[in-house]
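Both counts, for ligands and for their atoms, begin at 1 and track the order of listing. For clarity, every value in this text was computed on a predicted model and none was experimentally measured.
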Amino acid sequence: MKDQAQSLRQLVSEKAMIPSQASSKKLGKVITVSSGKGGVGKSNFTLNFALALKSMGKKVLIFDADIGMANIDVLMGVSSRFNLYHLLHREKSIEEVIQYGPEGLPYIAGGSGIVDMLSLSEDDLNYFVAQMESMAAEMDYIIFDTGAGISKQNMKFITSADQCLVVTTPEPTSITDAYALIKVVHGSHPEVKFDLVINRAGDEKEAAQAADKIILTAHRFLDLDIKMLGYVSDDPYVVKSVKRQVPFSIAYPKCEAARDVQRLALRYLAVPAAREPGSHSGIKGFMHRWLKRT
Ligand SMILES: Nc1ncnc2c1ncn2[C@@H]1O[C@H](COP(=O)(O)OP(=O)(O)OP(=O)(O)O)[C@@H](O)[C@H]1O
Ligand SMILES: [Mg+2]
């Protein structure tokens, strides 16, 4: 009998991977990875999820949209000379600000540019949009790792993207803050789609229980359907990999967390989220919504 991962893998290769490899037209789907509380594992998840999608034949770019620390750089053990700031001020082209991490994973560091993104002149904006669109034409997924909480920037990233993956641990404070984030975003932008990722779960049951708290509350009080995309185990190899500055799916590919992210990515590709008919999607839609909110 086939196990679940095997069946999913087959489904992905039949339904998702072949069309994308066969055609040059890329999806360019924009995803944010967000959380209510800080330090719940967004950056580690973003990086290893991106690597998992990449290992399945997808083209993925990470955009570090955390205004504070350059999280992704540190986790990959590299440092960026140029970042979004240089792109926004037309000092560098998008090719020059894209850095390459392990396995050739492309990423853009936001740096101080994230603040500037909120108040661009029209010329700078036009340049930025054109550069982003040329890059996005090559990508299946663009994943923004945002900071925690409900800042003005985070709101804009979340409400402009095609999908928001909300990361929480099973801790009550993390769950409450994740729900608060969803509630605030949903209050002003009911069209935003959320999926839950439970990180640092003791086991599958604990993950499902944590997810249910948010899913049931959102259903009852917000009339909002949220799904659990999957979970990542609490795994000491994650901490070891952070110390080594090598993503855990590369440093310890057989560790529990790496297997969980792999499974989650397979599931993600097997069940493509439904698109609202007629709505803008991909980077064009993202930029369109971003500009509407400027
Ligand atoms: N699955 C896991 N198992 C064990 N420890 C983990 C796991 N995920 C994250 N951690 C621990 O949590 C720390 C914070 O993770 P990470 O930097 O990814 O969080 P974050 O949500 O991006 O934080 P911030 O809000 O500051 O950006 C890691 O350095 C690691 O020690
Ligand atoms: Mg982070």
Side-chain angles (χ1 to χ4, degrees), residues 31-52 62-80 83-84 101-102 105 107-112 114 143-151 153-155 157-158 164-171 173-182 194-208 210-211 228-265:
I31 307 167
T32 62
V33 175
S34 307
S35 71
K37 193 168 184 276
V40 296
K42 289 179 297 300
S43 299
N44 273 280
F45 174 75
T46 302
L47 182 53
N48 290 280
F49 179 56
L51 287 167
I62 295 182
F63 197 121
D64 192 339
D66 193 334
I67 209 160
M69 286 291 293
N71 287 236
I72 300 285
D73 284 33
V74 177
L75 292 178
M76 297 196 300
V78 295
S79 68
S80 316
N83 61 36
L84 182 64
L105 181 73
Y107 83 104
I108 298 176
S112 55
I114 297 290
I143 310 181
F144 287 87
D145 175 21
T146 72
I150 316 161
S151 66
Q153 299 87 268
N154 288 353
M155 274 295 276
F157 279 112
I158 294 170
C164 176
L165 303 185
V166 178
V167 180
T168 177
T169 71
E171 280 183 10
T173 44
S174 172
I175 290 176
T176 320
D177 290 358
Y179 178 73
L181 174 86
I182 292 169
F194 300 99
D195 286 88
L196 293 176
V197 174
I198 310 298
N199 189 33
R200 310 197 67 164
D203 56 25
E204 191 174 353
K205 193 171 161 213
E206 190 189 35
M228 173 169 126
L229 180 60
Y231 72 96
V232 183
S233 302
D234 191 32
D235 184 341
Y237 282 105
V238 175
V239 183
K240 282 188 199 207
S241 78
V242 171
K243 285 184 186 155
R244 277 180 58 186
Q245 292 187 274
V246 181
F248 60 76
S249 52
I250 292 176
Y252 308 103
K254 293 206 165 73
C255 77
E256 247 187 297
R259 288 176 191 216
D260 293 338
V261 172
Q262 193 79 11
R263 192 185 316 119
L264 190 148

Test applied, side-chain contact (heavy atoms from CB on, under 4.5 Å); reference residue, R200; option that passes from D234, V40, V238: D234
At under 4.0 Å between heavy atoms, which part of [X] makes contact with ligand 1: side chain, backbone, both or neither?
{"X": "N44", "answer": "both"}
{"X": "N71", "answer": "side chain"}
{"X": "D145", "answer": "neither"}

Within the 6.0 Å centroid threshold, strictly below: F49 and F45: yes
is_close_aromatic(F157, F144), centroid dist under 6.0 Å: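 Close enough - the centres of the two rings lie under 6.0 Å apart.
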Below 4.0 angstrom from a heavy atom of [X], which ligand 1 atoms are there? Numbered from 1 as shown, please.
{"X": "V242", "answer": "29 (O)"}
{"X": "D66", "answer": "27 (O)"}
{"X": "D234", "answer": "3 (N), 4 (C), 5 (N)"}

What residue and atom, counting heavy atoms only, is the protein's closest point to [atom], and at what distance?
{"atom": "atom 8 (N) of ligand 1", "value": "N199 ND2, 2.9 Å"}
{"atom": "atom 25 (O) of ligand 1", "value": "K42 NZ, 2.7 Å"}
{"atom": "atom 3 (N) of ligand 1", "value": "D235 N, 3.0 Å"}
{"atom": "atom 31 (O) of ligand 1", "value": "V239 CG2, 3.7 Å"}
{"atom": "atom 11 (C) of ligand 1", "value": "R200 NH1, 3.5 Å"}

Stepwise side chain to side chain donor-acceptor pair (under 3.5 Å) test for T146 and T32: CA-CA 7 Å; T146 72; T32 62; 5.8 Å; no
Close N or O approach (K37, ligand 1; < 3.5 Å):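 It does not: no N or O of K37 is found under 3.5 Å from an N or O of ligand 1.
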N or O contact, L75 vs ligand 1, cut-off under 3.5 Å: no
From [X] [atom1] over to [Y] [atom2], what is the distance, rounded to the nearest 0.5 angstrom?
{"X": "I114", "Y": "Q153", "atom1": "CD1", "atom2": "CD", "answer": "8.0 Å"}
{"X": "N48", "Y": "I250", "atom1": "CG", "atom2": "CD1", "answer": "7.5 Å"}
{"X": "L75", "Y": "I62", "atom1": "CG", "atom2": "CD1", "answer": "9.5 Å"}

Test item: L264 and Y231 side chains (from C-beta on) under 4.5 Å apart, heavy atoms: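 No; the side chains remain at least 4.5 Å from each other.
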Under 3.5 Å donor-acceptor, N71 side chain and S43 backbone: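 Side chain of N71 to backbone of S43, a donor-acceptor pair under 3.5 Å: no, none is there.
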K37 with D177: basic N within carboxylate O range, under 4.0 Å: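 D177 and K37: not salt-bridged.
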G39, G38, G149, S34: member with heavy atom nearest to atom 13 (C) of ligand 1: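 Nearest option to atom 13 (C) of ligand 1, by heavy atoms: G39.
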Closest to atom 1 (N) of ligand 1 (judged by heavy-atom distance), picking from S233, G41, A257: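 Selected option, by shortest heavy-atom distance: S233.
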Sub-4.0 Å heavy-atom approach of G147 to ligand 1: no
Polar side chain donor-acceptor pair, D73 to Y107, under 3.5 angstrom: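 A pair is found: one side chain offers a donor N or O, the other an acceptor, under 3.5 Å apart.
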Any side-chain donor near an acceptor of the partner, T168 and S174, under 3.5 Å: yes
Check against side chain to side chain donor-acceptor pair (under 3.5 Å), S35 and K42: CA-CA 7 Å; S35 71; K42 289 179 297 300; 2.9 Å; yes
Flag if over 12 foreign heavy atoms under 6.0 Å of CD, Q245: yes
Under 2.8 Å from the Mg ion (ligand 2) - protein N/O/S, by chain and number: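 Checking every protein N, O and S atom gives S43 OG, N71 OD1.
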